[in-house]
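Following: one structure in structure tokens, then a few remarks.
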Amino acid sequence: MKELIEVLVERKQKNASPLPYHGWVGPCTQVSLLYDGFRLGDASNYDSVKSFAQLMWPDGHPRFCKSMHTMATQIEELNKLIWLMIIDSYGLGEKWESVMINYKMLVQFMKYMAPPPGVYERGLFAHTDKPVSTIICDDQVLGLEVEVKDGQWIKLSLSPSSFCFVVGDPLRAWSNGRLKAVNHRIMMSGDNGRYSIAAFVIPIEGTIIKAPKELIDEQHPQLYKDFDFMEFFLFAFSDPAKHIDSGEQLHAFASLSPPISN
Ligand SMILES: O=C(O)CCC(=O)C(=O)O
Ligand SMILES: [Fe+2]
């Protein structure tokens, strides 16, 4: 990852995309002056890893391609396993195939630079994730914080062998509100920069986010309308919706009031 951060800006800029959560985002005031982030779409597909590496390095960096592809494939497996556990926990194990969402993995690499000495500075603003779910791992430099019930923020310290599974807004809608999309942010302090990797689940085109009928009944009326993932994704980054508090965007886009009972 260090080699990726060191790539010249002219090359980083080749990793461009009009889609939200895609392309390169360098230090800027909208995100943070400490932030440098790369996105690689469909990362468990070897050809897309290769095309990305060819943009970054003249020789296409075969070692990067191999380790990136292996990592993305394994994170995808881990994500599937977690999803199956969630599906099973709602008693839907038998029909997992019909409720599983088809997706591609978008891997994001980030470096957050150390702030000036003695300063506690934003590395990434508070938000809930817009992809269905996310798996995060880091280099054990503290920075990731989650908001708990009383509005307090707690720092998460991930061990070298652990991953953090983050529920995104669409998974909250799929679970009919049972799963909460946690508000999280990056705050940097101290002398060390932080490296992290986030693997986002992006459903394939045309995917409708819809709570299984078993999760809707009189005690649990349907909270959100069925919606096209990409419509929600584009909504969250468009004007004026992008100015709505991140945790309220799902409600603004898909809330059914009053809720519908089955
Ligand atoms: O860098 C991290 O650990 C988390 C990044 C994150 O939350 C995001 O990009 O949505
Ligand atoms: Fe996030």
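Counting convention: from 1, in listed order, for ligands and their atoms alike. All values derive from a computational prediction rather than experimental measurement. Any value given below was found using the heavy atoms of this structure, including those in side chains, with hydrogens, waters and symmetry copies removed.
Phe253 carries Lys225 over the face of its six-membered ring, with the cationic atom under 6.0 Å from the centre and within 45° of the normal.
The minimum distance between the Fe ion (ligand 2) and any N, O or S atom of Asp129 involves atom OD1.
Between atom 9 (O) of ligand 1 and the options Arg39, Gln108, Lys130, the minimum heavy-atom separation is to Gln108.
The ligand atoms of ligand 1 that sit less than 4.0 angstrom from a heavy atom of Arg194 are 1 (O), 2 (C), 3 (O). The atoms of ligand 1 that sit less than 4.0 Å from any heavy atom of Leu124 are 5 (C), 6 (C), 7 (O), 8 (C), 9 (O). The Ile186 neighbourhood of ligand 1 comprises atoms 1 (O), 2 (C), 3 (O), 4 (C), with distances under 4.0 Å to a heavy atom of that residue.
The minimum heavy-atom distance linking Pro203 with Ile101 is given by the pair CB-CG2, 3.8 Å.
Side-chain rings of Trp83 and Tyr103 approach one another, their centers coming within less than 6.0 Å.
Using the six-membered ring where Trp is involved, Phe38 and Phe52 have ring planes that are perpendicular, over 60° apart on the 30 and 60° scheme.
At a heavy-atom cutoff of 4.0 Å, ligand 1 is contacted by no atom of Ala198, backbone or side chain.
Here the side chain of Asp228 pairs no donor or acceptor atom with the backbone of Ile208 at under 3.5 angstrom.
Contact analysis leaves Asp138 out of contact with ligand 1, as no non-hydrogen atom separation drops below 4.0 angstrom.
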